[in-house]
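Hydrogens, waters and symmetry mates are skipped; everything else that's a heavy atom, side chains included, is used. Note that ligands are numbered from 1 as they come in the structure, with each ligand's atoms numbered from 1 the same way.
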Amino acid sequence: MRRSLAIVVTFALGFTACDTPEDENYLWLLSLPNAGTGEGTEDLPVHVEVDDVAGDPDFLFDSTRDIQVFINVIDPRAPVAGSRVTIYELDENGNPVNTISFRAVTNENGNVGGTLTIDRTTNLVELAVTYQDAVHRMLIDVRFVQEIRRTLNILALRQPILVADRDSDGVPDQDDSFPDDPDRATTVYCPADGSAYTVAYEDLYPNRGDADFNDYVLRVRYELDLNAQGEVARIRGHYQHIARGAAYRHTLHLTLPGVSNAHLDWTRFDAAGQLLSQGNSEIADFTAIEMMPDSSTTIEQSNTSKTGQFRPGQALSFEVTLGAPILRSQLGPLPFDLFIHVLNTGHDVHFLGRYANVDGSDRFLDSAGFPWALMVPQNWRWPYEKENIHNGYGFFKDWYESRGTASADWFSKPDDRYVVPAF
Ligand SMILES: [Ca+2]
Ligand SMILES: [Ca+2]
């Protein structure tokens, strides 16, 4: 892989290529006000064919959604390689929520395919297609979109521009989060605003629990490093144990389907953020890897009683470097296959949508149609001991009975009598 300072040029128009930094054209390029930004300075004239796949989103009690993305870019002559497709999640006011949600560069067939993960409360995304010095932006209402499928017919041949791309991965230095690493181009934050999700388990599986969703509670966030093709190259995670309203003991495990020959770096911290231990290992098959030890050793109190001060537990930061990049869709929905192993019962407790019985039913859906694991946006306030989640959150039932279409903000409307205080 060429790592030297290089120039990406577009060959389609017979432009005289230059590919060394000594080239006069390169110096000329750098002198231009917008040189190397890769960002559009003008509108890209296009005709867009929209073939989005509509339908109610799948609902697995999840607070995020994965939307498949297929974009094709062609100009009057041929498919356009090297066109950059970027998707931003917009908030309720139409402003980007800090970070890129997806980015990839079209291949030689003019195609980008990938997966966009957004919060279920997000209604709007912006899709920007940048080609040469021009950009075309589309606002897409994604409420009832399962796949974004669009063909952009660029209506005029573009004057090619030169951009600095030291690692030659097709993403200009200025837009490349890793300008000297050809295996990585973009970091996607989950959640997009860099905050956290709250992951909560009931541990009586296969018996129904008391639905207080506080037996094992974690704060979770991830960062995914994508390569220029939009595939996942590295995964970083941060977990903090924050409640254990259970008599049982548990270990926390992670399966990353399709991830093999990976390198895992990890660091454990105590509740005050002081280093406890660190290490690394080579993992041939990333299945059921223990991420946190016996839960009775990682937090000092339950954090589920109505008296006393909140005191968080231990935390883990880790990075998985994949042996080979994989499609985001292969990893499944957030928080990926993160599960507890209950030491007292020998059972594992997984999120919905990962494991089926022989009759096709979900192994982790109980007789009442309810899961044993939930991932909730933000610093969710879990119920006190023995307080049913339905008491703590009056709109929770609305939300799941409507398959996530109503009361999408159920988690932010607690009844203070039944849930722990804000921390
Ligand atoms: Ca680059
Ligand atoms: Ca790069």
### Task
Compute whether any side-chain donor of one residue and acceptor of the other, for His253 and Asp348, lie under 3.5 angstrom apart.
no
### Message
Between Glu231 and Asn227, do the side chains contain a donor N or O and an acceptor N or O under 3.5 Å apart?
### Response
yes
### Query
Taking the N/O/S atoms of Asp181 one by one, which is nearest to the Ca ion (ligand 2)?
O
For [X] and [Y], I'd like to know if the aromatic rings sit close, meaning centre-to-centre distance below 6.0 Å.
{"X": "Tyr197", "Y": "Tyr239", "result": "no"}
{"X": "Tyr216", "Y": "Tyr248", "result": "no"}
{"X": "Trp410", "Y": "Tyr393", "result": "yes"}

### Task
Assess Ala228: does it contribute an N, O or S atom lying under 3.0 Å from the Ca ion (ligand 2)?
no
### Message
At a threshold of 3.0 Å, where the distance has to be below it, does the Ca ion (ligand 2) have an N, O or S atom of Pro182 nearby?
### Response
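Pro182 does not place any N, O or S atom closer than 3.0 Å to the Ca ion (ligand 2).
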Distance check below 3.0 Å: does [X] bring an N, O or S atom to the Ca ion (ligand 1)?
{"X": "Asp169", "result": "yes"}
{"X": "Pro179", "result": "no"}
{"X": "Asp167", "result": "yes"}

### Presence of salt bridge, Arg184 and Asp169, under 4.0 angstrom
no
### Query
Of all the N, O or S atoms in Asp165, which one sits nearest to the Ca ion (ligand 1)?
OD1
### Query
Taking the N/O/S atoms of Asp176 one by one, which is nearest to the Ca ion (ligand 1)?
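Going by distance to the Ca ion (ligand 1), the closest N, O or S atom in Asp176 is OD2.
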